[in-house]
Protein chains: 2
Amino acid sequence: MQKLLRMTHQREVILDEIKKSTTHPTADELYERIKKKLPRISLATVYRNLEIMSESGLINKLEISGRQKRFDWDLEQHDHIYCVQCHRVDNIDLADKKDVTLPPEQNRGYMVSGCRVEFYGICPKCSNASIKKKKGERKKMACKSKCGSKELSEKQREVLEALAKCKDACGSKDIAAATSLEPKQVSCQITALKKKGLVESPVRCKYTITGDGKNALS
Amino acid sequence: MQKLLRMTHQREVILDEIKKSTTHPTADELYERIKKKLPRISLATVYRNLEIMSESGLINKLEISGRQKRFDWDLEQHDHIYCVQCHRVDNIDLADKKDVTLPPEQNRGYMVSGCRVEFYGICPKCSNASIKKKKGERKKMACKSKCGSKELSEKQREVLEALAKCKDACGSKDIAAATSLEPKQVSCQITALKKKGLVESPVRCKYTITGDGKNALS
DNA sequence: AAGTAGTTGATAATTATTACTGTGTCAAGC
DNA sequence: GCTTGACACAGTAATAATTATCAACTACTT
């Protein structure tokens, strides 16, 4: 039953990289770092070995908020604090935790095997970043955004360029006239552009290009 | 800033379906149920509206272990218990929780906005199921498995069929001879089949088909 | 009644992860 | 020293869950 683990060079490097990290890296964060040492390693190898090593108890796979799995060299049971903005995860040491137990009449028939406590909030890096942003300091987001600024579609670019030429806010009909698009289609594109933050609406049904929008064009 | 929400029929039905559920459904569970009432609804609409409604505070999006997001009509802050086998999530009422606070010197500079407590274990349904399984009662898994028994590939089926014809355990060379495959390829396929539990190795380098393996062929 | 913001269904795209495949490497046994 | 079989690897395809895009539609507001 016990599977024997061969300590290959790749595994050594992966394990080493986890042990070095103070945070709890995701598979692709690790992959990026490992690639510098082993440029030919495959992402699949990283995933495979993280899975294997956590199964055999060399490392810990965290069950934590967020989409990506995270790994930890610290095998002791401990708890975490999670940044809702950049999704980083830090350790916490919770002395009070011994009090958190589930009264037997509350367990709903579950065979309880453990308990996780997870605080959440905004990490210092992110709160600094948002202060800077308010000051008008334009800065590339330090953290991966869930839905990054995507490429503009053909039509979106057309609408945005037309808006860039207007001095004042203008309605979608004006834009339709300035482009080859139907008024109806313009409204669709504006919705998308607003969502991306490239366009805003100072008054109902009038639109202007934002600073971000101008940057997106150049 | 405040976006106005139009109460469409689709939204009403989605909301209604969440309110009716005692558990914490995932988007696609909801979609399956809603399709019965609105057969033409799109999965995207369900996802879109769950997101919108949770943003505007009509429902709650749970941050919980597991790959899929889950939604809850109960806006009160409460905690959960999670089945590591079938991933169902139940509510718990944790009176002791007030004790769990993060000492300020522990917060690592985070602006803490809340705390989740999550117990985990095996739910009653799953522990019953595994007892039945031990008795030899073959039964379709009640719960979605993370990596369900996949279709057999062409080569895997070939290997498995060859194995089914052997009375005793046989080596990969025997199998290679019985099929059109190279010995090297056979070993790859056997590894995959073993992982699926369709083949086992009573002695080193000898293989037999398992009960599951026979079922997989029929 | 007209115009427009918001909404929908269908589908494409994306993200994170896992599976497959052919080849390579290692250790044990002949 | 050669063979055998187990384990690993890189590269790539496939999958699952979610999100984005877009043209058509709908319900408010004026």
Side-chain angles (χ1 to χ4, degrees), chain A residues 3-11 26-29 31 38-52 66-70 144 146-148 150-156 171-173 176 181-196 201 204-207, chain B residues 3-11 26-29 31 38-52 66-70 144 146-148 150-156 171-173 181-196 201 203-207:
Chain A
K3 214 160 78 178
L4 67 134
L5 265 198
R6 208 177 271 172
M7 190 42 74
T8 61
H9 186 45
Q10 283 91 334
R11 262 175 209 168
T26 60
D28 70 288
E29 278 165 19
Y31 174 60
L38 302 175
R40 294 188 47 76
I41 201 172
S42 149
L43 175 59
T45 302
V46 176
Y47 270 105
R48 193 179 338 106
N49 284 313
L50 288 171
E51 191 59 36
I52 290 172
R67 250 168 102 136
Q68 290 175 82
K69 289 180 184 163
R70 290 177 176 274
K144 245 191 256 175
K146 192 178 63 176
C147 159
K150 286 283 161 319
E151 301 298 305
L152 291 172
S153 72
E154 206 43 55
K155 287 179 189 170
Q156 284 171 9
S172 57
K173 217 193 277 180
L181 301 167
E182 300 290 314
K184 255 184 185 175
Q185 296 181 357
V186 171
S187 127
C188 283
Q189 305 314 320
I190 291 206
T191 312
L193 290 166
K194 265 202 299 183
K195 208 181 272 172
K196 291 181 185 175
S201 172
R204 210 166 177 282
C205 310
K206 297 279 175 184
Y207 308 98
Chain B
K3 216 163 90 183
L4 67 135
L5 265 197
R6 211 177 268 174
M7 190 43 75
T8 62
H9 186 44
Q10 284 91 333
R11 266 177 206 165
T26 60
D28 70 288
E29 277 165 20
Y31 174 61
L38 301 175
R40 295 188 45 76
I41 202 172
S42 148
L43 176 59
T45 302
V46 175
Y47 270 105
R48 193 171 341 106
N49 285 313
L50 288 172
E51 192 60 45
I52 290 172
R67 252 168 100 137
Q68 290 175 84
K69 290 180 183 161
R70 289 175 177 275
K144 244 191 255 175
K146 192 179 62 175
C147 159
K150 286 280 160 321
E151 302 298 305
L152 291 172
S153 72
E154 205 43 54
K155 287 178 188 169
Q156 283 172 9
S172 57
K173 216 192 278 182
L181 301 168
E182 300 291 312
K184 251 186 189 174
Q185 296 182 357
V186 171
S187 129
C188 281
Q189 305 313 320
I190 292 205
T191 312
L193 290 166
K194 264 201 302 183
K195 208 181 274 174
K196 291 182 186 175
S201 173
V203 287
R204 208 166 178 284
C205 311
K206 296 280 177 184
Y207 307 97

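So that the names make sense, note that chain A is the first sequence line, chain B the second, and so on, each numbered from 1. Atom set for the values below is all heavy atoms of this structure, side chains included, hydrogens, waters and symmetry mates excluded.
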Inset, instruction - Measure the distance from CG on A/Leu38 to P on D/dA8 and round it to the nearest whole Å. - result: 16 Å
Legend entry - side chain to side chain contact (heavy atoms under 4.5 Å, CB included) partners for B/Tyr31, two or more places apart: B/Lys35, B/Ile41, B/Leu43, B/Val46
Legend entry - Short side-chain N/O contact to D/dA8 OP1/OP2 from A/Arg11, under 4.0 Å: yes
Inset, instruction - Hey, which sits more toward the 5' end of DNA chain D by its nearest nucleotide, B/Leu43 or B/Thr8? - result: B/Leu43
Inset, instruction - Could you state the atom-to-atom distance from NE2 of A/His9 to P of D/dC9 in whole Å? - result: 11 Å
Inset, instruction - Considering just the side-chain nitrogens and oxygens of A/Arg48, establish if one lies under 4.0 Å of OP1 or OP2 belonging to D/dA8. - result: no
Legend entry - Distance in Å, B/Arg40 CZ paired with B/Thr45 OG1, rounded so as to fall on 0.5 Å steps: 11.0 Å
Legend entry - Interatomic distance where CG belongs to A/Asp28 and C1' belongs to C/dT18 [whole Å]: 15 Å
Inset, instruction - Please report the closest heavy-atom contact between A/Asn49 and A/Arg11, naming both atoms and the distance. - result: OD1-NE, 2.6 Å
Inset, instruction - Please state how far atom CE in A/Met7 lies from atom P in D/dC7, giving the value in whole angstrom units. - result: 15 Å
Inset, instruction - Output the distance between atom CZ (A/Arg70) and atom CD (A/Glu29), rounded to the nearest 0.5 Å. - result: 5.0 Å
Legend entry - Spacing between A/Ile41 atom CD1 and D/dT12 atom P, to the nearest angstrom: 16 Å
Legend entry - CA sep, side-chain torsions, deciding dist, call: B/Gln68, B/Asp28, side chain to side chain contact (heavy atoms under 4.5 Å, CB included): CA-CA 9 Å; B/Gln68 290 175 84; B/Asp28 70 288; 2.6 Å; yes
Legend entry - Atom pair distance, as rounded to whole Å: CZ in A/Arg67 and P in C/dT18: 13 Å
Inset, instruction - Under 4.0 Å between any heavy atoms, over every strand shown, what does A/Arg40 touch: base, sugar-phosphate, or nothing? Just pick one. - result: sugar-phosphate
Legend entry - B/Thr45 side chain near C/dG9 phosphate (N/O to OP1/OP2, under 4.0 Å): yes
Legend entry - Any B/Thr26 side-chain N or O less than 4.0 Å from OP1/OP2 of D/dA17: no
Legend entry - Side-chain N,O (A/Lys69) to OP1/OP2 (C/dT18) below 4.0 Å: yes
Inset, instruction - Check whether any side-chain N or O of A/Tyr47 sits under 4.0 Å from OP1 or OP2 of C/dT17, and answer yes or no. - result: yes
Inset, instruction - Using only side-chain N and O atoms of B/Arg6, determine if any of them is under 4.0 Å from OP1 or OP2 of D/dT26. - result: no
Inset, instruction - Mind calculating the distance between OH (A/Tyr31) and C1' (D/dT12) to the nearest angstrom? - result: 12 Å
Legend entry - Rounded distance (Å) that lies between atom P of C/dA16 and atom CG of A/Leu50: 15 Å
